[in-house]
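Order of the sequence lines fixes the chain letters, A, B, ..., with proteins taken first and strands second; residue numbering starts at 1 for each chain.
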Amino acid sequence: MPHASSLDDLLGRLNPEQRRAATHADGPLLIVAGAGTGKTATLVHRVAWLVANGVDPARILLLTFTRRASAEMLRRAENLLRQVQAARLGHIWGGTFHAIATRLLRRWGKAVGLPPDFTIHDRADSEDLLSVVRTELGLAKTDKRFPKKGTCTDIYSRTVNAREKLEHALRQHFPWCLDWADDLRRLFEAYVDRKEAAGILDYDDLLVYWQALLADAKAGPAVRGLFDRVLVDEYQDTNALQSEIIYLLSPAGKGLTVVGDDAQAIYSFRAATVRNIMDFPKHYPDTTVVTLEQNYRSSGPILEATNHVIALARRRYTKNLWSERREGQRPALVTCEDDEEQAEYVIRHILEHHEAGVALRQQAVLFRASHHSMLLEAELAGRKIPFHKYGGLKFIETAHVKDLLAFLRLAENPRDVVAGSRLLLLVPGIGPVKARRLMAVLQEAGGKLDAWAAWTPPAPAAGLWPKFLGLLQGLAASDENVAAQVHRARTFYAPLLEAKYDYAQSRLRDLEQLELIAGRYRSRRRMLTEMALDPPNSSQDLAGPPQLDDDYLVLSTIHSAKGLEWDAVYVIHAADGNIPSDMATKDSDGVEEERRLFYVALTRAKHWLYVCCPLRYYHSYRPGVSDHYGMAQRTRFLPEAVLAHFEHSVAAGDPQAGAPAADEDEPQGLAADIRSPSVRRRMKRYWR
DNA sequence: CTGTTGAAATTTTTT
DNA sequence: ATTTCAACAG
C-alpha cells in the first residue's frame, strides 16, 4: 500500500468512528449516521481509501439518492486522491438506482429479453399510458368513478416496489379503491403487455429488470462479478425491490457498505421501508455497525432543539447527537397572522442576513408542499430577489416542453403510444379515436412512419398533415445533432403552441432554452434518457453554465432538501394540516413519517433556524365549508415541552408599509388585494 | 368524430 | 385550480 501513510494524514481529520467506517475491511458494514455527522465525508474517505488500497475504481458501485449527491461525492473523493497522488477515480459506477439500472440494462438487458434501445417513461408518461389502456378496456365509463390515473399509477407502483399483493396494497394504502381490485388487476396486466409491445420501461421496470438480470442464471453472476465494492447512501429510503437488488449484488454482504439514518426516513410513499436499515444486521450476519453521533453542522442550541423534536418519535437505532459547539442563537418560533405576514417576515430576515454577509445561496426556505411557497415566490419576484426552486412542478413537466419532446420521442421510438397520441392530438381534426387508430397502424407496420402516408386526413388536417409527417420522417432518419432536431420541431410547433396556450411568448422562450441545452447531448437517445431520469429542475437550470458570482435564494420542498445544509433555514407553514400534512394523519405511521420530515427540515440549519406558523391559512377546497380561510394550530411536533428550546416571537407587519389594519368586517383577501394590488398579478405569472 | 362547454370531484412528497 | 367525464353542436 504505497500511499497508505499519506492517506493516514487525511484520515486523521476524521473522528475515530468515522475513521473506523472509512477503513473497514470488506465485511458487511452499516453506518448509522445521524443528521450532520459527516456522513458524506466518511463515505468519500472510504471511497478514496479503497482506491488508494488497490481496489479498481471501475469495480466500485456507488448508489446515491440523486445524481447530484453522486457527483458531489465523486468530486470530493477525487480531490482526496489527488492530495495523496493515488490512482484516479476514473470510471467508478456512480448514480441513482434508476440511472445505474439503465446503464446495465442497455448493455446486458438482452439476457432478460430487453432491446438495447428501450424508451424510458417518466412518471407522467406512465400515468398517460395507464390512462390510454384504461379507456381501451372500457373502464372509464362505469357507474361509480374509477380511480384517477395518478392513483392507479401509485397503486401499481406500490405493488411493484414493495412487492406486495394487490389486495394487500389496496387494503393498507388505498382502502377506498378496494372495490376496483379486479378491474385494476386487468388494467395492470394490459399495461404490462402494452409496455412490452412498445419497448417501454417505466421507473419501476428499471428496477424490476435489474433484479431479473441479477436473478438470471447466466447473466446474474456476470453482472454481480462487475463489482468488488457496493456502497449505498440513504439506505433508510430504499424499498423492498431495491433491497433485493442489493442482496443479489452481494448475497453475503462481502464488500457491501450501506449508510443511512432511520430518523430521516421520509419516502415511505414511494414504498421505501425503514425495515431495510433496521434489519440489515439480521440479513447480513457479521455486520459491523458504526454509529456516528458527533454533529458538525448545527450550533449547540439548534442541535438541542432538534434532538428534543426527534426524541418524541418511536425509533430503534438510538443516537445521542452531540456537538462541541455551545454557542449560537436559539431557533425561533415565529407566529404570524397569515401567509402574507409570513412572507414579509422571511424576506426581511433573509435580507438582514444578506446584509450581514450571508450569501443568498447559504439561505433556504423549506416547506411541505410545493404550492406553499407560491405567495413567497410572487413577493420575491416583485422585489427582484433571485431564487431557485427545487421540487414541485418541473420545467420538463410543462405541457409545451412535453409536446416538443414528444417529436423526438416518437422519432426515437415510433411505438411509443404516449408520445404519438400527444402529437397527433395537436393536429386539428384529429381526436382521440383517429389518434388511436393511427398509432395502431404504426404499431402494425413495425414502426415505419411511411405507413401513415397512405392515410387520408380529414379536411381540417389536410394542410398540416403532409408537413407533420415529413417532419417526423425527417427526424426519424436524421443524423443531425440534437439541437438541430429540436430546432426543426420547434419551427413546426410554434404556431400550434400559439393557438393552443396562453402566454405563448414565455413558452416559446422555454423552447429556445431547450434547443440550447440539446446541444449538450451527444445523441437524441442520450438526451431523452437524461430528461426522464434526471430532468432539469427549473428553467434557470437550463440557462447555461452556472455563473460563479450569481447568487440566489434556495426554495425547496423538504423532500428535495434532503442531505443539504444552509447557514440560515426558514421552515414555513409549520401548522398542523401542513406539517403534518392532512393527507398523512390517518394512521400513526403516517404521522411518524411527518415528524421525521419536520426533523429533516430543522436539521438542515447550521447557524440560524426560523420556524414560521401562520395562524390563518387559505385552503382551496373543503367539502361543506364556504369560508376559504381556516384557523391553524401550531404543528403538533412542537408541544410545550419542546418549545422551551425555542425563542418565541411574533411577526409584526412590515414596519415600512405602515398599512392600516384591515377592517374587522372586511374579508381578509380583499383587504390584501387593496394593500398590494400587484401581488395577484404576479401570482398569475406563476402558472405560466 | 371532434371540439367545446359545463359540472363534479379532488387535495403531498419524487426516481 | 385542475382533472375528468358527460352532453351537445357541427
Rounded to the nearest angstrom, tell me the gap between atom [atom1] in [X] and atom [atom2] in [N].
X	N	atom1	atom2	answer
A:Ile245	B:dT15	CD1	C1'	12 Å
A:Asp582	B:dT10	CG	C1'	14 Å
A:Glu530	B:dT15	CD	P	14 Å
A:Arg270	B:dT12	CZ	C1'	14 Å
A:His372	B:dT11	NE2	P	15 Å
A:Tyr599	B:dT13	OH	P	24 Å
A:Tyr267	B:dT15	OH	C1'	8 Å
A:Asp154	B:dT11	CG	C1'	13 Å

When you check the side-chain N and O atoms of A:Ser373 and A:Lys389, is any donor under 3.5 Å from an acceptor?
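A:Ser373 vs A:Lys389: donor-acceptor pair found between side chains.
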
Looking just at side-chain N and O atoms, do A:Asp117 and A:Asn413 make a donor-acceptor pair shorter than 3.5 Å?
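Judged by distance alone, the side chains do not pair up.
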
Among [options], which nucleotide sits nearest the side chain of [X]?
X	options	value
A:Thr96	C:dT4, B:dT12, B:dT15	B:dT15
A:Lys149	B:dT13, B:dT15, C:dT4	C:dT4
A:Thr557	B:dT15, B:dT12, B:dT13	B:dT13
A:Phe269	C:dT4, B:dT14, B:dT12	B:dT14

Side chain to side chain contact (heavy atoms under 4.5 Å, CB included) between A:Ile558 and A:Ile579, worked out
CA-CA 11 Å; A:Ile558 302 175; A:Ile579 308 180; 4.2 Å; yes

Quick check on DNA chain B: between A:Asp204 and A:Thr151, whose nearest nucleotide comes earlier from the 5' end?
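Its nearest nucleotide lies further toward 5', so the answer is A:Thr151.
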
Evaluate A:Glu530 against A:Arg67 for salt bridge (Lys or Arg N to Asp or Glu O under 4.0 Å), listing each step before the verdict.
CA-CA 11 Å; A:Glu530 299 271 322; A:Arg67 179 99 40 130; 3.6 Å; yes

Taking the side chain as every heavy atom from C-beta outward, state whether [X] and [Y] have any pair of such atoms under 4.5 Å apart.
X	Y	answer
A:Glu594	A:Ser581	yes
A:Arg163	A:Gln211	yes
A:Leu206	A:Leu533	yes

Verify the contact: side-chain N or O of A:Thr66 to OP1 or OP2 of B:dT15, cut-off strictly under 4.0 Å; return yes or no.
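It does not, given that no N or O in the side chain of A:Thr66 lies less than 4.0 Å from OP1 or OP2 of B:dT15.
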
If you compare every side-chain N and O of A:Ser560 against the phosphate oxygens of B:dT13 (OP1, OP2), does one of them come in below 4.0 Å?
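Result: no.
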
Would a line drawn from the ring center of A:Phe367 to the ring center of A:His573 be shorter than 6.0 Å?
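Here the rings of A:His573 and A:Phe367 have centres that are no less than 6.0 Å from each other.
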
Between A:Tyr267 and A:His559 (judged by ring centroids, cut-off 6.0 Å), do the two rings come close enough to count as a pair?
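Close enough - the centres of the two rings lie under 6.0 Å apart.
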
Identify, residue by residue, the members of residues 590-597 of chain A with a heavy atom below 4.0 Å from DNA chain B, and return them in order of residue number, or none.
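Close to the strand, none.
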
Under 4.0 Å between any heavy atoms, over every strand shown, what does A:Phe97 touch: base, sugar-phosphate, or nothing? Just pick one.
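The residue A:Phe97 makes no contact with any strand.
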
Reading nucleotides 1-7 of chain B from 5' to 3' and marking B where a protein heavy atom lies under 4.0 Å of the base, S where only the sugar-phosphate is that close, and - otherwise, the string is SSS----

So does A:Val591 get a backbone contact from the side chain of A:Arg595, meaning a donor-acceptor N/O pair under 3.5 Å?
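Such a contact is absent between A:Arg595 side chain and A:Val591 backbone.
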
